[in-house]
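Here you go, one structure.
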Amino acid sequence: MPESERIKKWKKTRIVTPEKLAVARQVLLDIKAGKGVLEAARAKPMPDGSIISKAGLVAAYNEMVESGQLAAETALLEKIRMKPVRTLSGVTTVTVLTKPYPCPGKCIFCPTDVRMPKSYLPDEPGAMRALDHEFDPYTQVRSRINALDSLGHPTDKIELLILGGTWSAYKKDYQEWFIKRCFDAMNHTEDHQELESKSLLEAQLENENAAHRNVGLVIETRPDEIDPKELVRLRWLGVTKVQMGAQSMDDEILLANKRGHTAAQTVTAVGLLRAAGFKIVLHWMPNLLGATPTSDRQDFGRLWEQVCPDELKIYPNQLLANAELYEVWKQGQYTPYTTQELIDLIVDIKPLVPRYCRINRVIRDIPSNNVVEGNRRTSLRQDVHAELQKRGQVCQCVRCRELRSTKVEGGELANNDLVYQAGGAEEHFLSFDTENDKVAGFLRLSLPGHTSPDTGFTDLIGAALIREVHVYGQSLPVGSEQSGFAQHSGLGTKLLHQAEQIAKQKGYKMIAVISAIGTRKYYLERGFERGEYYLIKKL
Ligand code: SF4
C-alpha cells in the first residue's frame with residue numbers, strides 16, 4: 001500500500017491528542033538523529049511525567065510525512081512501530097469471539113461465565129475487546145484493523161481467528177452471518193461507511209481483491225463434531241484451519257474429566273481433517289484430574305504416534321472457581337502441579353516435539369487472579385527456555401526455529417523434505433532452512449494412502465493435497481518488496497513447484513490446495529483452477 005494511502009487510512013482512526021503529538025514530534029526527531037527509542041522518549045517525557053507511547057510516535061511520523069516535514073522512511077517507521085513481532089510471522093492475526101452460547105461439552109475444568117462464550121473469562125485479553133463490542137463480528141474486526149493500521153502495521157493479509165466454545169454447536173444461520181460480517185469488515189474500504197453484502201458468497205468473492213484479504217480462517221471445535229458433512233460446511237464457510245481440544249489421549253482421563261469423547265474419536269477427527277487438507281491445531285492439557293507428571297509425559301508421546309498435529313497448544317489445567325473441578329479440589333481429590341513441576345514437565349517434553357509441529361503456547365493467557373491454586377505464572381515459555389538452555393537442550397518445533405526479522409539471501413537456504421506417516425497419509429514437510437537451522441518457509445504436502453478416510457469431496461479424488469504454505473518475514477503489503485526478507489523472495493513458488501514434482505513422481509495426477517479466500521488469486525496465478533471447494537491443478 002502506498003505511504004499516502006496508509007496515512008489517509010490512519011487519519012480516520014487517529015487517537016492522539018495535540019499535546020501528545022507535540023512531544024512525539026520532538027522524540028521522533030531525536031530517534032531519527034540516532035537515539036534509541038526508549039532513550040529518546042525518556043529524555044523528553046510527557047507533561048505528566050509518563051513517556052510517549054509508540055502509537056503516539058507513529059502518529060507524529062504520519063503527520064510529519066503528510067505535511068512534508070519528514071521524508072517517508074521505512075526503517076524509521078519500523079523502529080517506532082509497536083510490537084513488530086505481531087506481524088513477523090508473515091500475516092496479521094485478528095481474533096474475534098462468538099456470542100455467549102451453550103457448548104455440548106461438560107468438561108469439569110472448563111469455566112462458565114454467562115457473559116462469555118463457554119470456556120472464556122471476561123478479563124482475558126481479546127475476550128475483553130469482544131465484550132466491549134457485544135460480540136458483533138463486524139465491529140470487532142473493523143476496530144482491530146483500525147487499531148493495527150494506526151500503529152503502522154500492514155493489514156492487507158489477515159488471519160481471522162474465531163474463538164468461542166464449540167463453533168460447530170452454533171446455529172448454522174448464525175455461523176453464516178458471523179463469517180459474512182467478518183468478511184464485510186475486511187472488505188470495508190474508505191468509500192463505504194459500512195458494507196453489508198447480500199450473501200456469504202458475495203462477501204467472499206469481494207474479498208478475493210479486497211484491501212484486507214483473508215489469508216487464513218480458523219475456528220475451534222470438538223473432535224466428536226467432525227464428520228464428512230461438517231468438513232463440507234467448514235470449506236463452504238472458507239475455513240482453512242481447525243483448532244480442536246484433544247486434551248488427553250487417555251480414555252480414563254477423558255472420562256474422569258467428562259470430556260464426552262474418546263481418544264479414538266480424536267484420531268478419527270484428525271484423520272478426516274487431514275484428508276480434507278485442513279491445518280490441524282490441537283490443545284493438550286497436562287494436569288487433568290487423574291493425571292500425574294509421569295502419565296502426562298507418556299500421554300505426550302501418544303500425540304506423535306496417533307495424531308501428529310501441525311500445531312499444538314499446551315494448556316496446563318488451571319484451577320478456576322467457576323469450573324466443576326473446583327468442587328473436586330475442595331474435597332481434596334485434585335491437586336494442581338506447582339510452577340516448578342510444570343516447568344520440569346514442559347522442559348522434558350518440548351525437545352520431543354517433531355520438527356514439523358509448531359508449539360503455539362505452553363500456557364493459556366488467563367489472568368492469574370482467576371487461578372485458585374497452582375501455577376500463576378504466565379511467562380512459562382521464558383522459564384522453560386531458560387531451563388532448556390541450562391540443560392544444553394533445544395526445542396526444534398517450528399515456532400522455536402522460525403525466521404523472525406533476520407534477513408536471508410536465497411543462496412544460503414537448504415531445502416529439506418521431512419517425511420512422516422500420519423492418519424493414513426504420507427506427509428512431506430518441505431522447508432527452506434538457514435545455516436543456523438531457522439525456517440524461512442515451509443509447505444505441508446499430504447499424500448493420501450489407501451487407508452486415508454474418504455471425505456466425499458469430488459475435488460480431492462486421486463489428488464495430493466497442499467495443506468499449508470507459509471513464508472516468514474515481516475508481513476509486507478501485497479506487491480511490495482523488501483530486499484532480503486523471506487516473504488516475497490519467491491520461496492512460496494519454489495515450494496509449490498517442489499510439492500508438484502513430489503506428487504507427480506508418486507503417481508498423483510492432480511494436486512489440490514486448501515486456499516483461504518484471499519489467497520485464491522495467488523494460486524490461480526500459478527496454474528491452479530477453481531474446483532468446487534479447493535483450487536486444483538492437473539499434473
Ligand atoms: S468442549 Fe471446550 S468449551 Fe465445551 S465444555 Fe469442553 S472445554 Fe469447555
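We use all heavy atoms of the structure for the numbers below, so side chains are in, but hydrogens, waters and symmetry mates are not. Each ligand, and each atom within it, is numbered from 1 in the order the structure gives.
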Distance under 4.0 Å to a non-hydrogen atom of Arg222: what atoms of ligand 1 satisfy this?
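Heavy-atom distances to Arg222 below 4.0 Å select 1 (S).
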Are any of the heavy atoms in Arg259 under 4.0 Å away from ligand 1?
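Judged by the 4.0 Å heavy-atom criterion, Arg259 does count as contacting ligand 1.
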Report the relative orientation of the aromatic rings in Tyr170 and Tyr174; use parallel for angles under 30°, tilted for 30 to 60°, perpendicular for over 60°.
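Parallel, since the angle between the ring planes stays under 30°.
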When the ring planes of His470 and Phe442 are compared, do they come out parallel, tilted or perpendicular, using 30° and 60° as the limits?
parallel
Between Tyr356 and Tyr420, is the gap from one ring center to the other below 6.0 Å?
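Yes, they do, as the ring centres are separated by less than 6.0 Å.
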Among the protein atoms near atom 8 (Fe) of ligand 1, how many are N, O or S and lie under 2.8 Å away?
1
Who are the side-chain contact (heavy atoms from CB on, under 4.5 Å) partners of Thr378, not counting sequence neighbours?
Asp365
Residues in side-chain contact (heavy atoms from CB on, under 4.5 Å) contact with Asp173, at least two apart in sequence or another chain:
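Residues passing side-chain contact (heavy atoms from CB on, under 4.5 Å) with Asp173: Lys171.
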Residue set satisfying side-chain contact (heavy atoms from CB on, under 4.5 Å) with Arg364, at least two apart, ordered chain then number -> Ser119, Tyr120, Glu124, Tyr315, Gln318, Ile366
Which one of Glu387, His385, Gln393, Gln396 satisfies the side chain to side chain contact (heavy atoms under 4.5 Å, CB included) criterion with Lys350?
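Going through Glu387, His385, Gln393, Gln396 one by one, the side chain to side chain contact (heavy atoms under 4.5 Å, CB included) with Lys350 is satisfied by His385 alone.
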